Each structure stands twice: as structure tokens, then as C-alpha cells.
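Below is one structure; the comments refer to it alone.
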Amino acid sequence: MPVIQQNVSLQSFNSLALPAEAEFFCTVRDRAELRAALQFAHSRQLVVTPIGGGSNIVLAANLSGLVVHMDLRGVSHRAVGRVIEVTFAAGENWHQQVQSCLEQGWYGMENLALIPGSMGAAPIQNIGAYGVELSDLFVSLNAIDKLSGEAVEFDRAACQFGYRDSVFKNAARDRYLIVDITLGLTTQPQINIQYPALQAAVNQHARSAAEIGPELVSAMVCQIRRQKLPDPELIPNAGSFFKNPLVTRAQTDALLRRYPQMPHYAQADGDSKIPAAWLIEQCGFKGTVRGAVGVHDRQALVLVNLGGGNGAELLELAAELCDAVKQRFAIELEIEPRVYGAD
Ligand code: FAD
Ligand code: NAP
């Protein structure tokens, strides 16, 4: 049975360092502890909220019910033809596993280096960076249904992955506790350096084409991210606060007539993705400070807690940015992290 505590501060369990308490809290390290935690919650009719690294949540109020810190550990693998299928328990750290797989010569995760958080949370928003998404590597996951307590396996189709989206943000929201995920990696590197900043960094560092491999890609991704993004340990943040909006071709054309320099990326379905950071920057918010919260001065998509800020203040600033972008561009920004307590 895991130790279950009452009225526990979650400030050190969320990367925005927002003040909030869990009514009940426990850390589970294996499936047996998870089942015991679920039984405890069931017997008291408590809502169960899983958290991993807390790097994609906004706590705007105390959480009632039982918060379960998903810290299950373990990694195993098997060869399936040319693919190495690696199964990671939910509590393993994403970036550590990217590095560990690289060291083994198992490739595919390198563009996703330095993303904070746990393996178990990665499918929730189909994490992605520099042209690669979790869904590109995904094989399956095992979860426990919070309602029935039954084990359920999801393959890629069942996860309904989309752009920073999955079934776990929609029809299956709040229903499952992910206990492990399996990714298909390869011993044959496939280099993807289509993102301009990554391509430039790789080309600058490689003395010859032979040096351009997954290790260099991972190192360059880490270098760029460290230059651009605030370290949550030093300046609390949750990464991108908004998704990059997808707009129709007609709306893109209309915007380009007014803003010919607007960056935009055509999608397969004809829509365009517009960087939300650019929209916010155009509205003059880069580096804005509102009391104890603000917009990061190197990346306008990142909202930061400058010390002592709370969820309400952060959401007020987010609403101000959304209003400004909507007024100027007629585009609705959507918050990316999961917001708790501001219904
Ligand atoms: P948490 O914040 O703990 O949880 C997020 C959500 O998932 C919550 O709703 C929680 O209930 C749920 N959840 C967590 N674990 C489980 C589980 N085992 N079972 C069921 N539900 C669960 N994201 C990107 O996509 N790309 C990036 O490049 C990126 N860069 C970032 C950079 C910084 C500096 C920061 C702070 C964040 C960044 N993020 C990025 C966001 C974040 O790292 C990812 O969303 C990550 O997957 C969150 O993992 P976590 O363990 O911290 O999840
Ligand atoms: P960037 O390189 O400055 O580019 C700005 C945006 O334009 C990106 O968000 C990206 O969308 C899009 N983009 C750039 N080049 C593209 C291309 N060739 N094709 C399609 N889209 C392109 O971005 P950044 O802010 O420094 O972030 C770099 C990468 O890390 C991005 O992939 C970003 O998503 C990821 N990241 C995510 C978070 C998070 O919390 N979610 C935080 C930090 C970084 P996409 O976002 O769709 O890739």
C-alpha cells in the first residue's frame, strides 16, 4: 500500500511552481501500489488525478480527491525484425530515456531530446518537436481504466493521435492511468533536420556529411532548446502555453495580404499552421511582466512564474494575450497544458 498523505503541497510537483494542494496524495512505484491507491480512492469515492513530471499542468486551485504521482519504473525491449520495441514504465523520465536509447544505438527519439516529463504522459498530448511526434514511433500502451480497474491496451489507431492531441484529451479524457508505453526504434538512423534552426546548427557543427547522425541531432536539439527556453528549475514554466493555431487557406491568404512576412507552414489538408509565438510577439507581449507572472523575453509562447505567482494570475495574462491575438488576427489561441481548477 503506498503512503497516502492529506493536504499535500503540489508546488514542487508542477514546473510552473504554482501554489496548490492535493486533498490526498500518494506516489505509486508499481502496478500493485497503483491498484491499492485506486481501491483507496474507490472506497472513499475520490476523484483520481494522475501526475507525472508536472510539466504540462496549470494548477489554478487546490485539487480535491487523490492525486497519484505515477512513478512506476522499468524498461524492457525486444527485437521485432529490424525494429527494437522498447517498453518504458510510465514514471521513467522522457529525456533520460532518449539519451539511454541513443547510447544503445536505438534511434528515432533524438529530435525529442530535452522534453521534460514522464514517459506515461507523452501520449496525452502526442508530444512533438522539430518535426517528429510521439505517434511516429508509437506502438502501443497499457493503461488501467479508473472506472472498472481493468487493464486495457491501446494501439496507435486507438490513441487517435493528432497535432498535440489524442483520445486522452477527448473521448477518453480523465478515464485511464497509463502504466507503460512501447515505442518502435531502429538501429538504422533516419535523420530529420527539416526545421531551419536545427538544420543550421547541425550543418554548422558537422565537419562532413558522415558526422551527421542521431547523436549530433540530439546534441543540437539540446543546444538550441537551452539557448531559447527557460529552464523550469530556474524560471518556472510549462513550455509552450498555447498550441500553434491551424487556419484555413483562405484565412492564411487574407492574413498574408496584410502581413506578408507572417511565418506559416502548409499542412497536408490545406490548412496552415501559424506560430503562436509570432502572433503574440506582433501584439507586443514578448517580455511583458504582470506582477509575478510574465511572457518570456526569448520565447513569447512561454509564460513564466517570476516568483510567487499563482494560477489565477497566469490565466489572466493568458486571457489578455488571447484577446489581443483575436482582436488583431481573428485567431483563437488554445491553451496547450491541462488547466485544473478554472472551470
Ligand atoms: P504532467 O504535467 O504531470 O501531466 C500532464 C497531463 O497528463 C495531466 O493531465 C496528467 O493528468 C496526465 N498524465 C500524466 N501522467 C499520466 C499517466 N501516467 N497516465 C494518465 N495520465 C497522465 N511538450 C511537447 O510536446 N513538446 C515540447 O517540445 C515540449 N517542450 C517543453 C519544454 C518545457 C521547458 C516544458 C516545461 C514543457 C515542455 N513540453 C513540451 C510539455 C511537457 O513536457 C509534455 O507535455 C510532457 O509530456 C508532460 O509530461 P509530464 O510527466 O510532466 O506530465
Ligand atoms: P521555432 O523553430 O521557432 O518555430 C516556430 C514554430 O513554427 C514551431 O512551433 C513549429 O511548429 C513551426 N515550424 C518551424 N519550422 C517548421 C517546419 N519546417 N515545418 C513545420 N512547422 C515548422 O520553434 P520553437 O518555439 O523554437 O520550438 C522548436 C520545437 O520544439 C517546435 O517543434 C516546438 O513545438 C517544440 N517545443 C514545444 C514546446 C511545448 O511545450 N509544446 C516547448 C518548446 C519547444 P511545431 O510546434 O508544430 O513544431
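Since this is a predicted model, take the numbers as computed values, not measurements. Both ligands and their constituent atoms are indexed starting at 1 by order of listing.
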Query raised in the report: Taking distance alone, with no angle check, do Thr49 and ligand 1 share an N/O pair under 3.5 Å?
Result: no
Query raised in the report: Is ligand 1 under 4.0 Å from a heavy atom in the side chain of Tyr176, in the backbone, in both, or in neither?
Result: backbone
Requested in this report: Using distance alone, determine whether Leu229 and ligand 1 share an N or O pair under 3.5 Å.
Outcome: no
Query raised in the report: Among protein heavy atoms, which sits nearest to atom 22 (C) of ligand 1, and what does the distance come to when rounded to 0.1 Å?
Result: Pro50 CG, 3.8 Å
Query - Residue Asn244 vicinity, atoms of ligand 2 by number, heavy atom under 4.0 Å - result: 8 (C), 9 (O), 11 (O), 45 (P), 46 (O), 47 (O)
Query raised in the report: Based purely on interatomic distance, does Gly52 place a nitrogen or oxygen under 3.5 Å from a nitrogen or oxygen of ligand 1?
Result: yes
Query raised in the report: Hey, does Arg164 sit under 4.0 Å from ligand 2 if you only count heavy atoms?
Result: yes
Query raised in the report: Counting only heavy atoms, which portion of Asn237 has something under 4.0 Å from ligand 1: side chain, backbone, both, or neither?
Result: both
Report summary line: Near Arg164 (heavy-atom distance under 4.0 Å), the atoms of ligand 1 are 25 (O)
Report summary line: atom 6 (C) of ligand 2: of Gly239, Pro196, Pro275, the nearest heavy atom sits on Pro275
Report task. Return each pair, listed once, that meets side chain to side chain donor-acceptor pair (under 3.5 Å) where at least one residue sits in residues 306-332; pairs must be two or more places apart or across chains. Result -> Tyr259-Arg328, Arg290-Glu320, Lys326-Glu332
Query raised in the report: Ion pair present between Asp174 and Arg338, side-chain N to carboxylate O less than 4.0 angstrom?
Result: yes
**Report entry** Under 3.5 Å: N/O of Asn126 near N/O of ligand 1
**Finding:** no
Query raised in the report: Quick check: does Pro232 get an N/O under 3.5 Å from an N/O on ligand 1?
Result: no
Query raised in the report: Is Arg338 in polar range of ligand 1, meaning some N or O pair under 3.5 Å apart?
Result: no
Report summary line: among protein heavy atoms, the one nearest atom 12 (C) of ligand 2 is Tyr265 CE1, 3.5 Å
Requested in this report: Identify, by atom number and element, the atoms of ligand 2 in contact range of Glu336, meaning under 4.0 Å from any of its heavy atoms.
Outcome: 39 (C), 40 (O), 41 (N)
Query raised in the report: Short list, please: which atoms of ligand 1 are under 4.0 Å from a heavy atom of Ile127?
Result: 24 (C), 25 (O), 44 (C), 45 (O), 47 (O)
Report summary line: Gln299 heavy atoms within 4.0 Å reach ligand 2 at atoms 24 (P), 25 (O)
Requested in this report: Could you tell me whether some N/O pair between Gly54 and ligand 1 is separated by less than 3.5 angstrom?
Outcome: yes
**Report entry** Parallel, tilted or perpendicular: rings of Phe13 and His69 (30°, 60°)
**Finding:** perpendicular
**Report entry** Protein non-hydrogen atom found under 4.0 Å from atom 4 (O) of ligand 2
**Finding:** no
Report task. Provide, to 0.1 Å, the distance between atom 24 (C) of ligand 1 and the closest protein heavy atom, together with that atom's residue and name. Result -> Gln125 NE2, 3.4 Å
Query - Residues Arg78, Glu85: salt bridge by 4.0 Å N-O rule - result: yes
Requested in this report: Just let me know how Ala197 lines up against ligand 2, side chain, backbone, both or neither, with a heavy-atom cut-off below 4.0 Å.
Outcome: neither
Query raised in the report: Which is closest to atom 48 (C) of ligand 1 in terms of heavy atoms, Ala122, Pro337, Ser55?
Result: Ser55
Query raised in the report: To the nearest 0.1 Å, how far is atom 28 (O) of ligand 1 from its closest protein heavy atom, and which atom is that?
Result: Arg225 NH1, 2.9 Å
Requested in this report: Measure the distance from atom 18 (N) of ligand 1 to every protein heavy atom, then report the residue, atom name and distance (to 0.1 Å) of the closest one.
Outcome: Ile178 O, 3.0 Å
Report task. Please identify each residue that fulfils salt bridge (charged side-chain N to carboxylate O under 4.0 Å, His left out) with Arg44, with sequence neighbours left out. Result -> none
Report summary line: the protein heavy atom lying closest to atom 7 (O) of ligand 1 turns out to be Ile124 CG1, 3.5 Å
Report task. Examine the proximity of ligand 1 to Leu177 and report which part, side chain or backbone, both or neither, has a heavy atom under 4.0 Å away. Result -> backbone
Report task. Return the option from Gln227, Lys228, His264 holding the heavy atom at the smallest distance from atom 2 (O) of ligand 2. Result -> Lys228
Requested in this report: From atom 16 (C) of ligand 1, work out which of Pro116, Gly120, Gly117, Ser240 has a heavy atom at the shortest distance.
Outcome: Gly120
Report task. Check whether any N or O atom of Ala238, backbone or side chain, sits under 3.5 Å from an N or O atom of ligand 1, and answer yes or no. Result -> no
Query - Common cluster, Leu256/Val247, ILVMFWY with side-chain heavy-atom separation under 4.5 Å - result: yes
Query raised in the report: Would you say Met70 has any N or O atom under 3.5 Å from an N or O of ligand 1, going by distance alone?
Result: no
Query raised in the report: Are Lys273 and Asp271 close enough for a salt bridge, meaning some N to O gap below 4.0 Å?
Result: no
**Report entry** Name of the residue among Ile335, Val325, Val302 meeting side chain to side chain contact (heavy atoms under 4.5 Å, CB included) with Phe242
**Finding:** Ile335
Query raised in the report: Within the structure, does Ile115 bring an N/O atom to less than 3.5 angstrom of an N/O atom in ligand 1?
Result: no
Query raised in the report: Of Gln267, Gln125, Lys273, which has the heavy atom at the shortest distance from atom 45 (P) of ligand 2?
Result: Lys273
Query raised in the report: Which is closest to atom 41 (C) of ligand 1 in terms of heavy atoms, Asn56, Leu16, Leu59, Leu34?
Result: Asn56
Requested in this report: Check whether Val58 and Leu229 end up in the same hydrophobic cluster, where Ile, Leu, Val, Met, Phe, Trp and Tyr are linked by side-chain heavy atoms less than 4.5 Å apart.
Outcome: no
Report summary line: Note: heavy atom closest to atom 5 (C) of ligand 1, options Val48, Ile235, Ile57, Val68, belongs to Ile57
Requested in this report: With heavy atoms only and a cut-off of under 4.0 Å, state how Ala129 meets ligand 1: side chain, backbone, both or neither.
Outcome: side chain
Query - Sidechain N-carboxylate O distance under 4.0 Å for Arg31, Asp180 - result: yes
Query - Where ligand 1 meets Gly128 - atom numbers and elements under 4.0 angstrom, heavy-atom basis - result: 24 (C), 25 (O), 26 (N), 27 (C), 28 (O)
Query - Parallel, tilted or perpendicular, as decided by the 30° and 60° cut-offs, for the rings of Trp278 and Phe329 - result: tilted
Query raised in the report: Considering only heavy atoms of Ile51, which atoms of ligand 1 have at least one such atom less than 4.0 Å away?
Result: 3 (O)
Report task. Could you check which of Trp278, Phe242, Tyr195 puts a non-hydrogen atom nearest to atom 20 (C) of ligand 2? Result -> Tyr195
Query raised in the report: When hydrophobic residues are tied together by side-chain contacts of less than 4.5 Å, even through go-betweens, does Ile274 share a cluster with Tyr265?
Result: no
Requested in this report: Just let me know how Leu229 lines up against ligand 2, side chain, backbone, both or neither, with a heavy-atom cut-off below 4.0 Å.
Outcome: side chain
Report task. Identify the heavy atoms of Met119 and Ile181 that sit nearest to each other, and give their distance. Result -> O-CD1, 3.5 Å
Report summary line: heavy-atom search around atom 31 (C) of ligand 2 in the protein gives Tyr130 N, 3.9 Å
**Report entry** Cationic N near anionic O, under 4.0 Å, Arg175 to Asp145
**Finding:** yes
Requested in this report: Assess Tyr340 for proximity to ligand 1: is some non-hydrogen atom of it under 4.0 Å away?
Outcome: yes
Query - Minimum non-hydrogen distance to atom 35 (C) of ligand 2, winning option of Gly131, Ala129, Ala276, Pro337 - result: Ala129
Query raised in the report: Which residue and non-hydrogen atom of the protein lie closest to atom 39 (C) of ligand 2, and at what distance in Å?
Result: Ser240 OG, 3.0 Å
